[in-house]
Amino acid sequence: MPIEFNTALNNPSYAITALQSKADAMIAAGHPLINATIGDPKDDTPMDIQDALRKSFNGTTFSQYPIHGGKPSLLTSISDWAKRHHQCTLDPARHVLACNGTKEALFSLPLVFDFTDRCVLIPSLSYPVYAHSVDYLGIESHSLPLRFDNGFLPDLAAIPPEILQRTQLFYFNSPHNPTTAVASRLYLNELLDLAEQYQFFVCSDEFYNELYDTEVPASVLDFDSPYWICTRSLSKRSHMTGYRSGAILSKNEELISKLKKLRSPMGVGTPSFIQDAAAWAWNDDAHVNALRELYKAKRKKLHAALKKANLEVFGGNTGFTMWIKSQEFESSELLSEWFLSKHILVTPGTVFGCDGNPYIRLVYCLKNDTLDELCDRLI
Ligand SMILES: Cc1ncc(COP(=O)(O)O)c(C=O)c1O
């Protein structure tokens, strides 16, 4: 019998390739390009986190396998944080798991369920990992249209009941990547009511939740329900993208215990010295407040420049991405080309799904001088 590879691997990958090769040609021709496609902060990781990391690393004289679900001190810091910020009471041992960044946790989550005759719901514009997971695992999924008219949130009333009856998992993301849409408390309430009525889990990916302008975005942590799984990441709010640390939280003890079992043989444990730095980061609010202010200032500057350039921004008050369109360009690709003509590489909205036209996503976790330069190039 011939070797058969997973046919989902034949699907085209994250398709910014054509634009990227034009950008590479520009760099080769000596044009300084600003890459505004990747949400990987360019400002330093807060010094106290670096210190916590070094202190723990230096105190380690021999290498040991990490505790894959998270050291008790880390789990306690996560549950303390949830209590402090959302008055959410979680038992560190029964309701919290550490993960090696939320990407792997989101990807592997469907493995915990049986999908015979069941399906997953994914918004039509999404972090691509959700769709990759269900494709690779051969799980049936349904795309929920995201449109400007609905504030780029799935229209819950429009989901056919026969689909809801078979739904096992709903990947939900607010503040949303790429559109920056923020679900209200009322919306989350309706979503969790639906989850209870039809018996499915809402996986609420809340990785931008702590970087906002004025109002704390609503969170499933504010709800006393066993139907949510919340993922939180230290990547953005603590500038720890490279250190890989996140949290999985749920009031559903059975789910956490199954996840613990599932994740045990997967090799996803974060090195112990990073877990120590992560515990420090969850326990500290000051550095998050400082980063929130940093992005508020960057956001203000960028908003003004985009306005001057006659570009329209949807939302844009959370995280460090902007969802932008122009009256002049009818497609994401054309608008991306316009940005590239200014030597700025952005992501066409269509990379995130079929409803991405005519938007582009611009990421601004850049150093201030680069952001100033980007703003100058726009005008
Ligand atoms: C919506 C969303 N969720 C989760 C992640 C994964 O973040 P991390 O693995 O760094 O925690 C990202 C990364 O950019 C993202 O955009």
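Applying the ring-ring contact (aromatic ring centres under 6.0 Å, His included) test to every pair with at least one member in residues 88-111, sequence neighbours left out, gives these pairs: Phe107-Tyr136. Residues in residues 327-338 take part in these salt bridge (Lys or Arg N to Asp or Glu O under 4.0 Å) pairs, two or more places apart or across chains: Lys22-Glu337. Legend: side chain to side chain donor-acceptor pair (under 3.5 Å) pairs involving residues 309-321, not counting sequence neighbours, sorted by first then second residue: Glu312-Gln327.
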Apply the test side-chain contact (heavy atoms from CB on, under 4.5 Å) to residues Thr347 and Val363: give CA-CA distance (whole Å), side-chain angles for both, the deciding distance (0.1 Å), then the verdict.
CA-CA 9 Å; Thr347 311; Val363 176; 5.8 Å; no
Evaluate the criterion side-chain contact (heavy atoms from CB on, under 4.5 Å) for residue pair Val182 and Ser184; output intermediate values, then yes/no.
CA-CA 6 Å; Val182 181; Ser184 66; over 6 Å; no
Would Val120 and Phe113 count as a side-chain contact (heavy atoms from CB on, under 4.5 Å) if you check the C-alpha gap in whole Å, the side-chain angles of each, and the deciding distance to 0.1 Å?
CA-CA 11 Å; Val120 175; Phe113 302 108; over 6 Å; no
Can you list the steps and then say if Arg237 with Asn209 is a side-chain hydrogen bond (donor to acceptor under 3.5 Å, both in side chains)?
CA-CA 8 Å; Arg237 57 87 90 178; Asn209 219 293; over 6 Å; no
For Tyr208 and Phe320, what are the C-alpha separation, side-chain angles and deciding distance, and is it a ring-ring contact (aromatic ring centres under 6.0 Å, His included)?
CA-CA 8 Å; Tyr208 269 139; Phe320 39 64; 5.1 Å; yes
Checking salt bridge (Lys or Arg N to Asp or Glu O under 4.0 Å) for the pair Glu104/Arg263: CA distance, chi angles, key distance, verdict?
CA-CA 10 Å; Glu104 62 82 4; Arg263 294 169 59 77; 2.7 Å; yes
Under the ring-ring contact (aromatic ring centres under 6.0 Å, His included) criterion, do Phe172 and Tyr187 qualify, and how do the steps go?
CA-CA 12 Å; Phe172 186 75; Tyr187 184 97; 5.6 Å; yes
Show the numbers, then the answer: is there a salt bridge (Lys or Arg N to Asp or Glu O under 4.0 Å) between Glu140 and Arg118?
CA-CA 7 Å; Glu140 178 185 337; Arg118 305 293 293 270; over 6 Å; no
Applying side-chain contact (heavy atoms from CB on, under 4.5 Å), run through Trp228 and Leu188 and close with a yes or a no.
CA-CA 10 Å; Trp228 54 252; Leu188 290 184; over 6 Å; no
Take Trp323 and Tyr359, measure what ring-ring contact (aromatic ring centres under 6.0 Å, His included) needs, and give me the verdict at the end.
CA-CA 6 Å; Trp323 189 236; Tyr359 289 85; 4.9 Å; yes
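No side-chain N or O of His85 forms a donor-acceptor pair with one of Gln87 less than 3.5 Å apart. Neither side chain, Asp135 nor His132, offers a donor N or O lying under 3.5 Å from an acceptor on the other. Between Thr241 and Asp40, the side chains place a donor N or O and an acceptor N or O closer than 3.5 Å (distance only, hydrogens not considered).
Figure legend: Lys296 and Tyr212 shown without cation-pi pairing, the cationic atom not lying both under 6.0 angstrom from the six-membered ring centre and within 45 degrees of its axis. Geometrically, Arg84 does not engage Trp282 in a cation-pi contact, judged by NZ or CZ lying under 6.0 Å from the ring centre and within 45° of the ring axis.
The pair Arg147-Asp355 meets the salt-bridge criterion, with a side-chain N (NZ, NE, NH1 or NH2) lying under 4.0 Å from an Asp/Glu carboxylate O. Contact check on Lys251 versus Asp91 returns no salt bridge, with no Lys/Arg side-chain nitrogen under 4.0 Å from an Asp/Glu carboxylate oxygen. Using a 4.0 Å cut-off between charged side-chain N and carboxylate O, Asp276 and Lys71 make a salt bridge. Salt bridge absent: Lys258 and Glu253 never bring a charged side-chain N and a carboxylate O closer than 4.0 Å. Under 4.0 Å is where a charged nitrogen must lie from a carboxylate oxygen, and between Asp213 and Arg292 no such pair does. Ionic pairing of Arg54 and Asp51 is present here: one or more N-O contacts between side-chain nitrogen and carboxylate oxygen are shorter than 4.0 angstrom.
Closest approach of Ser336 and Val346 over heavy atoms only: CA-CG2, 3.9 Å. Annotation for Ser332 and Ile360: closest pair O-CG2, 3.6 Å, computed over non-hydrogen atoms. The heavy-atom pair separating Leu362 from Leu374 by the smallest distance is CD1-CD2, 4.3 Å. Between Pro110 and Leu137, the shortest heavy-atom contact is CB-CD1, 4.1 Å. Nearest heavy atoms, Leu378 versus Phe339: CD2-CE2, 3.5 Å. When all heavy atoms of Gln275 and Pro66 are compared, the pair lying nearest together is NE2-CB, 4.0 Å.
Between the side chain of Ser133 and the main chain of Val129, no donor-acceptor pair closer than 3.5 Å is present. Under the 3.5 Å distance criterion, the side-chain polar atoms of Asp372 are left unmatched by any main-chain donor or acceptor of Asp376. A side-chain donor-acceptor contact under 3.5 Å links Asn283 to the backbone of Ala279. In terms of modelled atom types and a separation under 3.5 Å, the side chain of Ser174 and the main chain of His176 share no donor-acceptor contact. Between the Ser331 side chain and the Leu334 main chain, a donor and an acceptor come within less than 3.5 Å of each other. Proximity of a side-chain donor or acceptor of His239 to a complementary backbone N or O of Asp43 within less than 3.5 Å is detected. A donor-acceptor pair under 3.5 Å is formed between the side chain of Gln50 and the backbone N or O of Thr45. For the pair Ser126 (side chain) and Ile122 (backbone), a donor-acceptor distance under 3.5 Å is absent.
Outside the 6.0 Å centre-distance limit, the rings of Phe170 and Phe201 are not counted as a close aromatic pair.
Looking at residues two or more places apart in sequence or on another chain, you find a side-chain contact (heavy atoms from CB on, under 4.5 Å) between Ser250 and Asn252, Leu255, Ile256. For Asp222, the side-chain contact (heavy atoms from CB on, under 4.5 Å) partners two or more places apart in sequence, or in a different chain, are His86, Arg185, Ser219. Annotation: side-chain contact (heavy atoms from CB on, under 4.5 Å) contacts of Lys342 (sequence neighbours excluded): Trp338, Ile344, Arg377.
By the neighbour-count criterion of 12 heavy atoms within 6.0 Å, atom NZ of Lys103 is sparsely surrounded, having that number or fewer from other residues, nucleotides or ligands. Glu162 CD: more than 12 foreign heavy atoms inside a 6.0 Å radius. Atom NZ of Lys42 sits in a crowded spot, with more than 12 heavy atoms from other residues, nucleotides or ligands closer than 6.0 Å. Other residues, nucleotides and ligands place more than 12 heavy atoms under 6.0 Å from the CG atom of Asp369. Annotation: Asn58, atom CG; neighbour count of heavy atoms from other residues, nucleotides and ligands within 6.0 Å is above 12.
Residues Trp81 and Arg232 have side chains in contact (heavy-atom distance under 4.5 Å, counting atoms from C-beta outward). With contacts defined as side-chain heavy-atom distances shorter than 4.5 Å, the pair Leu109/Cys203 qualifies. Side-chain contact between Ser108 and Met266: present, with at least one pair of heavy atoms (C-beta onward) separated by less than 4.5 Å. Proximity of Trp280 to Leu53: side-chain heavy atoms (C-beta onward) are nowhere separated by under 4.5 Å.
In this pair, Tyr295 and Tyr364 present their aromatic rings perpendicular. The plane angle is above 60°, beyond the 30 to 60° band.
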